[in-house]
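The structure appears right after this line, and notes come after that.
Just so we're clear, the structure is a prediction, and the values are computed from it rather than from any experiment. Each chain gets a letter, A, B and so on, in the order the sequences are listed, and its residues count up from 1.
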2 protein chains.
Amino acid sequence: MDTDSPAGRARGPYAKSAERRRQIVDEAYRMFSTRGYQASSLREIAGAAGISLSNLQHHFASKEELLLAVLERRDETPAAETAAADTAENADENAAVPFDAAMVARAAANERIPGLIALYSVLSAEGVTDGHPGREFFLRRYDSLRAGYTAEFEEVRRQGRLRSGVDPAMAAASVVALWEGIQLQWLYAPDRIHAADALRAYLDLVIVSADDEGADA
Amino acid sequence: MDTDSPAGRARGPYAKSAERRRQIVDEAYRMFSTRGYQASSLREIAGAAGISLSNLQHHFASKEELLLAVLERRDETPAAETAAADTAENADENAAVPFDAAMVARAAANERIPGLIALYSVLSAEGVTDGHPGREFFLRRYDSLRAGYTAEFEEVRRQGRLRSGVDPAMAAASVVALWEGIQLQWLYAPDRIHAADALRAYLDLVIVSADDEGADA
DNA sequence: GTCTATATTTTGATAGAC
DNA sequence: GTCTATCAAAATATAGAC
């Protein structure tokens, strides 16, 4: 029973492999975060993981494959999701937690995971360079983020809380841009920049309290 | 008279040197813009400039020295400055061209110089990585940009045109962040993102017409 | 100022034993 | 699955002729 179980994912003959992969991705994540993709070497990642270069390459056939594994790893990343629950008091009729409050809470929580911010800040900019293996990933990611936030701002507008003259799609692209830009500044000067505050200030400009000054229909 | 003129800067024995340096920086600028710093090689830059690697290294002793030369080259960059003059009609009593109009005009003009945007987008993110030679440069650059825009927003507030509740320093950091972030999105999707429009939309939220709704004293 | 030639490291990748 | 050994290519940098 313990030999040749092709469907085994979490245990069995592939258990060690899965654990190794996780371990390698952990170290790659750390190194890509602090040095970027190009300047990171597989040798060093392997060394940090306590294995040989060849062993690493047995699990990830190429450097590019490892990068993609790191980028998609974030789906596992917990944290930052529960932190928003605290501010759920002013939840409106629709969502348990208003998306803007959730966004600010996530930005605040991210500051406690500097690696994650650095990873995306560094790689998303690197990804725009010629032939970078992460290009497609970030292209899709931006599309997805903009689409998601556009829908959120449209919902806000339906609730009559979007400031007059604000275009949901424009606000979506802007909030993504502001978020990423302020995080980069934060990486340079963590003691002077507060990403969550900047996001909060922007959202306060765009979203008005339900029965307040000019909001679109 | 043509031998050993130590003070000669623009001509004389150093004329060729200056011309070569300019030529090398041109190619390095192009390559750093499209590939980033790490992935660019001195050999290729030299090749693009039509000279040997050793010749390049005779003019720039190290790759880092070349990077700094490229980063500081932008001071020579013309363009984008005059484009703002068109909108000078609604110039107020203080400046010939309102700073926000100038900012939007520059963003629009920048779209015609993709290399410049790419250079700063890619390198400013790369610069946050460990031991990157451009780190100090960008640290100072962000400080300078924030300080400059903070002063501008304070001036706007003195004119009673700053929306109530807006903090000049926060707005300064935010506008820098928004600008840089939206430019990165533009690099990924030039046909869908319009950096100048996003900047304009943000400034319209922050700056109100002189005798309008709630503005700070 | 410009070149050829070379030194020294480091890279990602492969071969093959165990 | 993990290792040692090696490869082939590319990097920055240096030495020295002209």
Side-chain angles (χ1 to χ4, degrees), chain A residues 2-6 8-25 27-28 31-32 35-70 126 129-134, chain B residues 2-6 8-25 27-28 31-32 35-70 126 129-134:
Chain A
D2 62 313
T3 52
D4 193 40
S5 64
R9 281 200 189 99
R11 54 189 174 81
Y14 298 147
K16 199 168 187 181
S17 226
E19 169 63 14
R20 265 276 177 270
R21 285 177 63 94
R22 196 195 57 75
Q23 189 179 1
I24 292 167
V25 169
E27 294 302 333
M31 192 152 296
F32 290 159
R35 298 200 204 167
Y37 175 71
Q38 306 280 3
S40 297
S41 84
L42 295 180
R43 261 189 183 78
E44 260 185 294
I45 294 170
I51 62 174
S52 73
L53 169 63
S54 294
N55 194 358
L56 183 153
Q57 290 175 312
H58 168 73
H59 293 282
F60 296 94
S62 71
K63 191 181 182 182
E64 174 172 343
E65 190 181 315
L66 179 55
L67 172 67
L68 297 180
V70 169
E126 232 186 340
T129 57
D130 285 353
H132 195 286
Chain B
D2 64 311
T3 52
D4 194 41
S5 64
R9 280 202 188 98
R11 53 189 175 81
Y14 298 148
K16 200 169 186 180
S17 224
E19 168 63 15
R20 265 275 177 274
R21 286 177 62 95
R22 195 195 57 74
Q23 190 178 1
I24 292 166
V25 169
E27 295 302 332
M31 192 152 297
F32 289 160
R35 298 200 205 168
Y37 174 72
Q38 305 280 2
S40 298
S41 85
L42 295 180
R43 258 187 186 80
E44 262 185 293
I45 294 170
I51 61 175
S52 73
L53 170 63
S54 293
N55 193 358
L56 183 153
Q57 290 174 311
H58 168 72
H59 293 282
F60 296 94
S62 71
K63 191 181 182 182
E64 174 173 345
E65 190 180 315
L66 178 56
L67 172 66
L68 297 181
V70 169
E126 234 187 340
T129 58
D130 284 354
H132 195 285

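Between B:Glu27 atom CD and B:Glu44 atom CD the span is 11.0 Å, to the nearest 0.5 Å.
The salt bridge (charged side-chain N to carboxylate O under 4.0 Å, His left out) analysis of residues 52-64 of chain B, with sequence neighbours excluded, yields no pairs.
Put simply, B:Ser41 has a side-chain N or O that comes within less than 4.0 Å of OP1 or OP2 on D:dA11. A:His59 has a side-chain polar atom (N or O) that falls below the 4.0 Å cut-off from OP1 or OP2 of D:dT2. Look at B:Arg20 and you'll find a side-chain N or O under 4.0 angstrom from OP1 or OP2 of C:dT2. Taking 4.0 angstrom as the limit, B:Asn55 places none of its side-chain polar atoms (N or O) nearer than this to OP1 or OP2 of C:dG1. At the phosphate of C:dG1, neither OP1 nor OP2 sits under 4.0 Å from any side-chain N or O atom of B:Lys16.
Scanning for ring pair (Phe, Tyr, Trp, His ring centres under 6.0 Å) contacts around B:Phe32 gives B:Tyr37, with sequence neighbours left out.
Rounded to a whole Å, the NE2 atom of B:His58 is 15 Å from the P atom of C:dT4. A straight line from CD1 of B:Ile24 to P of C:dG1 spans 11 Å, rounded to a whole angstrom. Atom CG in A:Leu56 sits roughly 14 Å away from atom C1' in D:dC3 (whole-Å rounding).
We find that A:Glu19 and A:Lys16 are not joined by a salt bridge, their nearest charged nitrogen and carboxylate oxygen being 4.0 Å or further apart.
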Detail all sub-3.5 Å separations between protein N/O atoms and N/O atoms belonging to nucleotides 14-18 of chain C.
residue, atom, partner, partner atom, Å
C:dT14, O4, A:Ser54, OG, 3.0
C:dA15, N6, A:Ser54, OG, 3.4

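Across all non-hydrogen atoms, the minimal contact from B:Leu42 to B:Leu53 is CB-CD1, 3.6 Å.
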